[in-house]
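Below is one structure; the comments refer to it alone.
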Number of protein chains: 2
Amino acid sequence: MQRKATARLSDVARAAGVSLSTASRALADPQVVREDTRAAVCAAAERLGYVPHGAARALASRRSMTIGAVVPTLDNPIFARSTQALQRSLADAGYTLLLGSHDYNPSTELAVVRALVARGVDGLVLVGTDHSPEVYALIVQSGIPFELTWSIDATGPHYAVGFSNRLAAVQVAQYVCQAGHQHIAMLSGFMAHNDRARDRVAGVREACAAAGRVLPGSAIIETAFSIAAARSATRQLLSAAQVPSAILCGNDILAIGVLLECAAQGVSVPKQLSVVGFDDIEMAAEMAPALTTLHVPTAQIGQRAAERLVARLQGESVARTEAVPVRLIVRESSAAPAVVRAK
Amino acid sequence: MQRKATARLSDVARAAGVSLSTASRALADPQVVREDTRAAVCAAAERLGYVPHGAARALASRRSMTIGAVVPTLDNPIFARSTQALQRSLADAGYTLLLGSHDYNPSTELAVVRALVARGVDGLVLVGTDHSPEVYALIVQSGIPFELTWSIDATGPHYAVGFSNRLAAVQVAQYVCQAGHQHIAMLSGFMAHNDRARDRVAGVREACAAAGRVLPGSAIIETAFSIAAARSATRQLLSAAQVPSAILCGNDILAIGVLLECAAQGVSVPKQLSVVGFDDIEMAAEMAPALTTLHVPTAQIGQRAAERLVARLQGESVARTEAVPVRLIVRESSAAPAVVRAK
DNA sequence: TTGTAGGCGTTATCAC
DNA sequence: GTGATAACGCCTACAA
């Protein structure tokens with residue numbers, strides 16, 4: 001057991017009988033030093049258990065080799081998965097992930113972003129386009145490259161990888177309308193500070209209107225992203241004056257809640273009620289062969305965000321916005337019930 | 001829009017008309033400078049959009065205000081939740097989380113830990129006690145305080161917050177044995193490099209043996225942590241020569257898979273088959289009112305790990321190991337079926 | 001209470 | 001190829 005307080009590069013250099021700068025080069029740029037000196041330095045580093053001092057390196061090189069990511073919460077499988085993918089791809093490129101979350105609280109998000117900027121991240125990954133002006137100002141002024149994810153911001157000036165939540169929702173709603181449903185309801189996550197939820201609702205509204213269905217205010221329920229909350233909202237919908245024949249869900253967590261409540265109430269899906277999900281998390285697909293859902297390549301978003309950012313940091317140029325493919329997966333016909341269910 | 005490359009502390013000091021060190025103190029230790037100078041410095045910092053340079057600060061102060069965490073994967077609700085809680089508690093204390101994952105690959109874990117150590121984390125959080133000697137050596141030599149989570153390491157020398165997976169599994173198995181089950185099977189995650197999975201199987205084995213049940217080798221199936229894999233394993237169990245009357249699951253993901261497969265095959269739970277889970281994730285509880293499960297306070301583990309680490313970094317002393325409360329939640333009787341099911 | 005000066009461990013820019 | 005040497009931005013005794 002060594003007692004000394006972690007070897008420095010100067011220790012390695014001395015042990016290898018070379019100068020500080022040679023040691024530095026040998027480790028950083030192996031091909032520029034002679035093979036035997038490189039070997040000597042590496043051997044010394046190995047022997048001393050040398051671990052480079054990131055802060056010093058960052059200070060001198062002006063790069064920290066860390067990327068910051070801010071997600072609403074990890075307690076949602078879609079962000080857990082995309083973050084996991086982000087982490088992997090980043091690690092493969094030699095970057096370490098600095099993670100923050102804000103629970104959909106804008107002021108928390110600002111604090112988190114500030115913390116990441118202060119830690120000197122080389123790049124930043126955010127979710128969605130909804131961020132306070134302060135957040136944008138901070139990032140832009142700091143000059144740190146960043147990627148928005150989960151939404152694409154076609155008109156906006158920012159780099160983004162994701163998809164149009166509005167168009168995806170349109171696709172979902174068109175499908176349901178074409179299947180003949182007249183009374184459609186939607187369960188959405190809270191829309192405040194959440195452009196994805198808002199766009200999904202907007203898309204559904206738009207497509208329904210175009211198809212001649214008007215969603216009454218009571219047909220769109222905003223709820224927390226939890227199974228329990230979705231069940232509660234479902235009870236509300238199923239006991240309304242006008243029971244819908246189709247429920248569109250802002251994401252699969254909500255869809256699972258709807259399905260569970262239907263099972264509990266003996267409502268047959270999709271025979272009596274059609275349920276359509278969004279995001280396509282594994283669990284929902286497994287538990288509901290009947291669930292038609294809009295599939296989103298969750299992990300791909302994280303991976304591409306990492307790859308794009310790394311590319312940009314290496315001076316390569318990437319397309320401003322990049323769309324990942326989403327598609328409706330119809331696992332079973334969701335035709336409207338021939339008879340209106342008795343209430 | 002400012003063009004300058006981010007204000008430094010010296011800029012703030014000049015703008016405020018004080019020296020560098022006064023500016024530093026005003027920001028770091030507000031109570032030690034005169035109120036008006038503090039105000040002047042803060043105003044200047046605000047005006048210039050000053051963000052401290054973490055690397056420089058870390059280099060000079062020898063603290064980075066970052067904590068590293070390494071999880072097997074975020075793609076498992078239990079780790080997503082505990083990591084989320086960890087992040088929150090850390091942020092509350094002014095620390096930022098540096099995250100790594102290794103997908104149950106020991107060499108990846110070593111690389112990740114090395115990266116975190118190199119980034120100068122002030123503390124480290126690991127999952128479980130299974131880590132390569134190199135990992136332990138690296139951390140110990142670096143002198144970085146660390147917490148093991150999800151397991152407690154009563155005999156070991158390390159700080160840990162979690163619970164005895166073995167005893168928890170014993171509790172589960174005892175319950176099932178007392179309910180009268182004779183033929184018990186278990187689904188486990190892969191046990192290599194995973195002390196939690198191993199301990200859970202060991203606990204079940206131990207309790208079953210004590211109760212006079214011997215689990216044949218074929219009754220314990222190691223499988224990936226996915227619903228699909230669990231379903232496949234369930235098919236195997238249900239078509240075996242000796243069909244079990246109870247299936248114990250190494251965690252709730254597996255339990256969900258079992259339940260879904262049972263539903264698909266028309267096997268009634270718990271009437272024909274008793275299923276017992278572990279970890280108690282929200283989804284499992286919601287989808288299966290019949291699921292008896294061992295509840296683990298997932299978020300609490302993350303939170304306590306953060307709090308303990310922060311306390312230690314502030315020089316407070318904490319108990320070497322800390323147990324979080326786990327308990328069996330019996331949602332519905334899992335009495336053994338009176339008649340052996342026909343195969 | 002405030003200012004001065006010496007690092008913190010690397011990288012990068014020069015000569016050699 | 002290799003070796004001095006000056007940054008990098010901040011913290012912290014120490015002195016005033």
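By convention in this document, chain letters (A, B, ...) are assigned in the order of the sequence lines, proteins followed by strands, and residues within each chain are numbered from 1.
Residues A:T73 and A:D75 bring no donor and acceptor atom of their side chains to less than 3.5 Å of each other. There is no side-chain donor-acceptor pair under 3.5 Å between B:R196 and B:S151. Between A:S19 and A:T22, the side chains place a donor N or O and an acceptor N or O closer than 3.5 Å (distance only, hydrogens not considered).
We find that B:R8 and B:D11 are joined by a salt bridge, their nearest charged nitrogen and carboxylate oxygen being less than 4.0 Å apart. A salt bridge is defined here as a Lys NZ or Arg NE, NH1 or NH2 lying under 4.0 Å from an Asp or Glu carboxylate O, and A:R88 with B:D103 meets this definition. With respect to B:E147 and B:R312, a salt bridge is recorded, a charged nitrogen being found less than 4.0 Å from a carboxylate O. Ion pair A:R198/A:D130 flagged as a salt bridge, since at least one NZ, NE, NH1 or NH2 atom sits closer than 4.0 Å to an Asp/Glu carboxylate oxygen.
Comparing B:V32 and B:S61 by the nucleotide of DNA chain C that holds the closest heavy atom to each, the one mapping nearer the 5' end is B:V32.
Taking only side-chain atoms of B:A60, from C-beta outward, the nucleotide of D:dG1, C:dC8, C:dG3 with the closest atom is C:dC8. Comparing D:dA4, C:dT2, D:dC10 by their closest approach to the side chain of A:R25 singles out D:dA4. Taking the side chain of A:A56 as heavy atoms from C-beta on, and the options C:dG9, D:dC11, D:dG9, the nearest nucleotide is C:dG9. Distances from the side chain of A:L9 to the nucleotides C:dG9, C:dT10, D:dG3 place C:dT10 closest. Distance from the side chain of B:T37 is smallest to C:dT2 among C:dG3, D:dA4, C:dT2. Listed candidates were D:dG3, C:dT4, C:dT10. Nearest to the side chain of A:S21 is D:dG3. Of the candidates C:dT10, C:dG3, D:dC11, the closest approach to any side-chain atom of B:S19 belongs to C:dG3. For A:T22, whose side chain is taken as the heavy atoms from C-beta onward, the closest listed nucleotide among D:dC10, C:dG9, D:dT2 is D:dT2. Distance from the side chain of A:L59 is smallest to D:dC8 among D:dT12, C:dT2, D:dC8. Closest to the side chain of A:H53, out of C:dT10, D:dG3, D:dG9, is C:dT10.
In terms of heavy-atom proximity, B:A7 sits nearest to B:Y50 at O-CD1, 3.4 Å.
Regarding B:D29, its CG atom lies at a distance of 12 Å from the P atom of C:dT2, rounded to whole Å. What separates CZ of B:R57 from C1' of D:dT12 is a distance of 14 Å, to the nearest Å. Here the C1' atom of nucleotide D:dG9 and the CG atom of B:D11 are 11 Å apart, to the nearest Å. If you take CZ of B:R14 and C1' of C:dG3, they are 16 Å apart, rounded to a whole angstrom. Distance, A:R62 CZ to C:dA12 C1': 11 Å, rounded to whole Å. Atom pair A:L20:CG and C:dG7:P shows a separation of 16 Å (rounding to whole Å applied). The separation between A:L27 atom CG and D:dT2 atom C1' is 16 Å, rounded to whole Å. Per the geometry, CZ belonging to B:R63 stands 13 Å off C1' belonging to D:dC10, to the nearest Å.
Between the CG atom in A:D122 and the CG atom in A:L309 there is a gap of 9.0 Å [rounded to 0.5 Å]. Distance CD1/B:I78 to CZ/B:F225: 7.0 Å, rounded to 0.5 Å. Here the OG1-CG distance, from B:T6 to B:L48, works out to 11.0 Å after rounding to the nearest 0.5 Å.
Contact between the side-chain N/O atoms of B:Y50 and the OP1/OP2 oxygens of D:dC10 is found at a separation under 4.0 Å. Proximity of B:S24 to the phosphate of D:dC10: no side-chain N or O atom is located under 4.0 Å from OP1 or OP2.
Looking at residues 112-120 of chain B, you'll see that no heavy atom sits under 4.0 Å from any atom of DNA chain C.
Comparing the start and finish of the helix from C:dT1-D:dA16 to C:dC16-D:dG1, five pairs each, the helix axis swings through 30°, to the nearest 10 degrees.
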